[in-house]
Structure formats: C-alpha cells, structure tokens
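Structure, as structure tokens:
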Amino acid sequence: MDFGFPLQLEPAGFSRLLGISIAEAAEHLADFRFDFSYRNLTAGERDKIIIQILDKIDSSDLGLSGPNAVGRWEKGWQENLDSFTAGGFDVHELIPKYIRPNQPVRLFGDYVMPQDPNFELNLFTVLRAWLFKEYLSGAEHIFEFGCGPAYNLVELARMYPDKKLHGLEWVSPPLEIIRLLAEKRGYKITGQLFDMFVPDDDLAVGPNSAFLAIWSLEQLGERFEKFLQFSLQKSPAIFVHVDAFLEFCRPNNLSDYLALKHNLRRSYLRGYLTRLYALEAEGKIEIIKAHKVECGGLYHDAHSYVVWRPKKVNR
C-alpha cells in the first residue's frame, strides 16, 4: 500500500531542531534544495523497528568503543580511501559508511519514514553548515579531532578556502585522504596522527584556533578527562562538539530510552556534558550553547551539539 509522504519538515521544524528562530531557519534553508518530506510509521512498522533496535542492543557482536576499536576504524576509513581513489577523488565517496540511506529515521522522539533515501545525510548537511557558519567563521585555524575520512573538512574547505584546516586521527588512512585533498583540490589542509586517549601536548595550536569534534568523542566513553584537560590547556577560542549526549536522553520517551540503552551498551561517551557543566560552575569554561537535536539514525540522536570555550584564554 502506498501511504504517501504527507508530512514536511518546514522551517518551524528546523527551528526546533537547530534551536534557532523560525526566521533564521528559513533563511538558512534557502541555501538548500533537499526533499524533507516524510510519513509516520504504521504500528506494525514501528514495532518492527523497536524489535530491530532491541536485537541490536542484545547482539553479542556489537562493536564497543574504546582503544581496542582502533582496528575497526582503520578498516572503515580504508574503505573510504579506496572508494575515494577508485572514484576519481569524488568527495561523495568520503561520506562515512555509518550514515545509511533508505532507512527510517528518528525525528522528534519517534521514528518516521522519509521520502528521500538520503534524508539523514541531508539533514546533517543542513545542521553542519549552520554550525560552521555560526561558530567557526571567525577562526583562523580549525582542528578537527577524530576527522575520519575528512568529510567535514571538505565542507570547511569549500566554505572557508582561506582558513588553515587540520585533521587529526588515530589511524593512517585519513591522513592519505587529506594528502590527496591538498594535492588534487588545493585545500589548505594538513593531517597528523593523534590519539585522544593519550593526547599529544606538543600539538601546536596557534592563536584564534577552533576545535571541532563530530561523532568522535563517543569513542572515549568515560575516559574523556585527559582529552578535556588537553583542550583546556590548549585554550581554543571555541570548541564545537556534535555527539549523542546521554544527558539529553529523556527516560520517559521510548526512543530516548532505547538510545540510552544502546549507547551504554556500546560504552559511548558518558558523563561529558555533566563534566562541562561542572567546569562552567567552577568558572573555568563558558558553555555558549548546548542543544538536543531531535533527529538521527535508528539508534540515537547523534546530531546534538554543545559549543563551549575556556573562560580564560592566555594568548
């Protein structure tokens, strides 16, 4: 049966998602031509999704975060590198494989079926562009920690061709991707190995630098303190962080409850946002904005963000 896709994510919806006014959302959306129509799931479809999620959580081969996951990420980013070179250096081949098309998505605390198979990717594209414009336009250097296949760095290079971009990863395939991006496309971009579990204090961070982390700190689990102290010591002008923060999960909402169970089961980032609030209370940082973005793939709202900066910048 064809149910159609009668619902549409309008500027009012993006206002809620991004945490901005409807007028700001409408102005930002004018730069994009994506189809954000969708439909609600039937009761049977929703039950099937919930069972799928529970089966995933209970799976014995569910990949866990942490230092032991390094091999899995090396393999994953190598796949992107291979696709990138085989595809004639097409930047679309740098999209992380875990952003899966043709799936139901999480939206406003429930599950929906989008019309466009790339709904989640397109939504992330809109969110990312807004974050980059809102918070990174004034930075001279941008350091992305856990840059993966450099997909975000490509967008930064497109938006800000004169900025100096730095991709940091704990495995080598992204460094080759970055080298090729600099060679083939002329981007002002460099890459180097960096392990957030054991941060390198010798990393040179120049004045007016921004730190960026998108879905990478989740791998730290509860072991984020060393990297947090490293960030405080380096004192960036701003830190933009996109992740699935457990503190945003509402225990009385089923999809949030399942996200909480999933992220705890995978040992994803835990206690980080609470720690930031404590640092703010101590007068050490300023949290510019922390916002739950109520959308994502099947397992969690991974697009939520927190933007903060050290309160005392000794530069």
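All values reported here derive from a predicted model rather than from experimental measurement.
Using a 4.0 Å cut-off between a side-chain N of Lys or Arg and a carboxylate O of Asp or Glu, Glu286 and Arg309 qualify as a salt bridge. Salt bridge annotation for Asp301-Arg250: absent, with no cationic side-chain nitrogen under 4.0 angstrom from a carboxylate oxygen. For the pair Asp61 and Lys56, the salt-bridge criterion is not met [side-chain N within less than 4.0 Å of a carboxylate O]. Salt-bridge annotation for Arg46 and Asp110: present, with a side-chain N of the basic residue lying under 4.0 Å from a carboxylate O of the acidic one. Between Arg39 and Glu45 there is a salt bridge, since a side-chain N of the basic residue sits under 4.0 Å from a carboxylate O of the acidic one. Salt-bridge formation is not detected for the pair Glu294/Arg106: no Lys NZ or Arg NE/NH1/NH2 atom is positioned less than 4.0 Å from an Asp or Glu carboxylate oxygen. Residues Asp195 and Lys226 are not paired through a salt bridge, judged by the lack of any N-O separation under 4.0 Å between the basic side chain and the carboxylate. With respect to Glu79 and Lys97, no salt bridge is recorded, no charged nitrogen being found less than 4.0 Å from a carboxylate O.
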Check the pair His241 / Val307 against side-chain contact (heavy atoms from CB on, under 4.5 Å), numbers first and verdict last. CA-CA 6 Å; His241 179 188; Val307 182; over 6 Å; no
Under the criterion side-chain contact (heavy atoms from CB on, under 4.5 Å), I'd like the reasoning laid out for Ser255 against Ile50: C-alpha separation, chi angles, the key distance, then a yes or no. CA-CA 8 Å; Ser255 65; Ile50 292 170; over 6 Å; no
Applying ring-ring contact (aromatic ring centres under 6.0 Å, His included) to Tyr272 and Phe224, what does each step give before you reach the verdict? CA-CA 7 Å; Tyr272 180 87; Phe224 57 77; 5.4 Å; yes
In sequence, state the C-alpha distance, the side-chain angles, and the governing distance for Val240 and Leu136, and then conclude on side-chain contact (heavy atoms from CB on, under 4.5 Å). CA-CA 8 Å; Val240 177; Leu136 298 180; 3.9 Å; yes
Assess whether salt bridge (charged side-chain N to carboxylate O under 4.0 Å, His left out) is satisfied between Glu280 and Lys284, documenting all intermediate values. CA-CA 6 Å; Glu280 184 178 48; Lys284 295 181 179 179; over 6 Å; no
Full working for side-chain contact (heavy atoms from CB on, under 4.5 Å) between Asp31 and Val126: CA-CA 9 Å; Asp31 295 333; Val126 171; over 6 Å; no
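Note that the CG atom of Leu29 and the CH2 atom of Trp130 stand 12.5 Å from one another [nearest 0.5 Å]. Here the straight-line distance linking atom NZ of Lys234 with atom CZ of Phe239 works out to 14.0 Å at 0.5 Å rounding. Residue Thr125 holds its OG1 atom at 9.0 Å from CG of Asn118, rounded to the nearest 0.5 Å. One finds the OH atom of Tyr151 at 6.5 Å from the CD1 atom of Ile99 (value rounded to the nearest 0.5 Å). Atoms NE2 and SG, from His300 and Cys295 in turn, are 11.0 Å apart once rounded to the nearest 0.5 Å. Here the straight-line distance linking atom CD1 of Ile189 with atom CG of Leu181 works out to 5.5 Å at 0.5 Å rounding.
At distances below 3.5 Å, not a single donor-acceptor pair connects side-chain atoms of Lys261 with backbone N or O atoms of Leu54. With hydrogens and angles disregarded, no donor-acceptor distance shorter than 3.5 Å links the side chain of Asn152 to the backbone of Cys147. A donor-acceptor contact shorter than 3.5 Å is absent between the side chain of Ser59 and the backbone of Asp55. When atom types are taken as modelled, the side chain of Gln115 and the backbone of Tyr38 share no donor-acceptor pair closer than 3.5 angstrom.
Within the cation-pi definition used here (under 6.0 Å to the ring centroid, within 45° of the axis), Arg128 does not qualify as a partner of Tyr305.
In terms of heavy atoms, Ser15 sits closest to Ala25 at N-CB, 3.7 Å. Contact record, Phe108 with Leu17: CE2-CD2, 3.5 Å, taken as the closest heavy-atom pair. The shortest heavy-atom contact between Leu165 and Leu153 is CD1-O, 3.6 Å. Minimum interatomic distance between Ala150 and Ile177 (heavy atoms only, all atoms of both residues): CB-CG2, 4.1 Å. Gly191 approaches Ile178 most closely through the heavy-atom pair N-CG2, 3.6 Å. Looking at every heavy atom in both residues, Leu273 comes nearest to Ala290 through CD1-CB, 4.4 Å.
Ring centers of Phe197 and Phe227: at least 6.0 Å apart, outside the cut-off. For an aromatic pair to be called close, the ring centres must be under 6.0 Å apart, and His291 with Phe248 fails this. Taking the six-membered ring where the residue is Trp, the centroids of Phe230 and Phe194 are separated by under 6.0 Å. A centroid separation of less than 6.0 Å is found between the aromatic rings of Trp215 and His303.
Two residues are said to be in side-chain contact when any heavy atoms from C-beta on lie closer than 4.5 Å; Ser231 and Trp308 meet this criterion. In this structure the side chain of Leu246 never reaches within 4.5 angstrom of the side chain of Thr274, judged on heavy atoms. In this structure the side chain of Val105 never reaches within 4.5 angstrom of the side chain of Leu298, judged on heavy atoms. Residues Lys292 and Asp256 are in side-chain contact: their nearest non-hydrogen atoms beyond the backbone lie under 4.5 Å apart. The closest side-chain heavy-atom distance from His28 to Glu24 is not below 4.5 Å. Here the side chains of Asp35 and Phe5 are not in contact, with every heavy-atom distance at 4.5 Å or above. Put simply, the side chain of Ile288 reaches to within 4.5 Å of the side chain of Ile238, judged on heavy atoms. Side-chain contact between Leu276 and Val306 is present, with heavy atoms from C-beta onward closer than 4.5 Å.
The aromatic rings of Tyr268 and His262 stand perpendicular to each other, their planes meeting at an angle above 60°, with 30° marking the opposite boundary. The aromatic rings of Phe89 and Phe84 sit perpendicular to each other, their planes meeting at more than 60°, with 30° as the lower class boundary. Under the 30°/60° scheme for interplanar angles, the aromatic rings of Phe34 and Phe32 are found to lie parallel. In this pair, His166 and Phe143 present their aromatic rings parallel. The plane angle is below 30°, not in the 30 to 60° band. Classification of the Phe14-Phe36 ring pair by plane angle, with boundaries at 30° and 60°, yields perpendicular.
Under the 4.5 Å side-chain heavy-atom criterion for ILVMFWY residues, a single connected hydrophobic cluster contains both Leu203 and Met196. The cluster map of Ile, Leu, Val, Met, Phe, Trp and Tyr, joined by side-chain heavy atoms under 4.5 Å apart, puts Leu175 and Val198 in different clusters. In terms of hydrophobic clustering, with Ile, Leu, Val, Met, Phe, Trp and Tyr side chains grouped at heavy-atom distances under 4.5 Å, Tyr299 and Leu64 are assigned to different clusters. Residue Ile57 is not grouped with residue Leu260 when hydrophobic side chains (ILVMFWY) are merged at heavy-atom distances under 4.5 angstrom, including chains of intermediate members. Residues Met159 and Leu212 are members of one and the same hydrophobic cluster, defined by side-chain heavy-atom contacts under 4.5 angstrom among Ile, Leu, Val, Met, Phe, Trp and Tyr.
Trp73 and Gln219 form a side-chain donor-acceptor contact under 3.5 Å, judged by distance and modelled atom types alone. Remark: the Glu225 side chain and the Gln229 side chain contain an N/O donor-acceptor pair separated by less than 3.5 Å.
Within 6.0 Å of the OH atom in Tyr257, the count of heavy atoms belonging to other residues, nucleotides or ligands does not exceed 12. Under a cut-off of 6.0 angstrom, the local environment of NZ in Lys289 is crowded, with over 12 non-hydrogen atoms contributed by other residues, nucleotides or ligands. Heavy atoms from other residues, nucleotides or ligands lying under 6.0 Å from CD of Glu27 number 12 at most.
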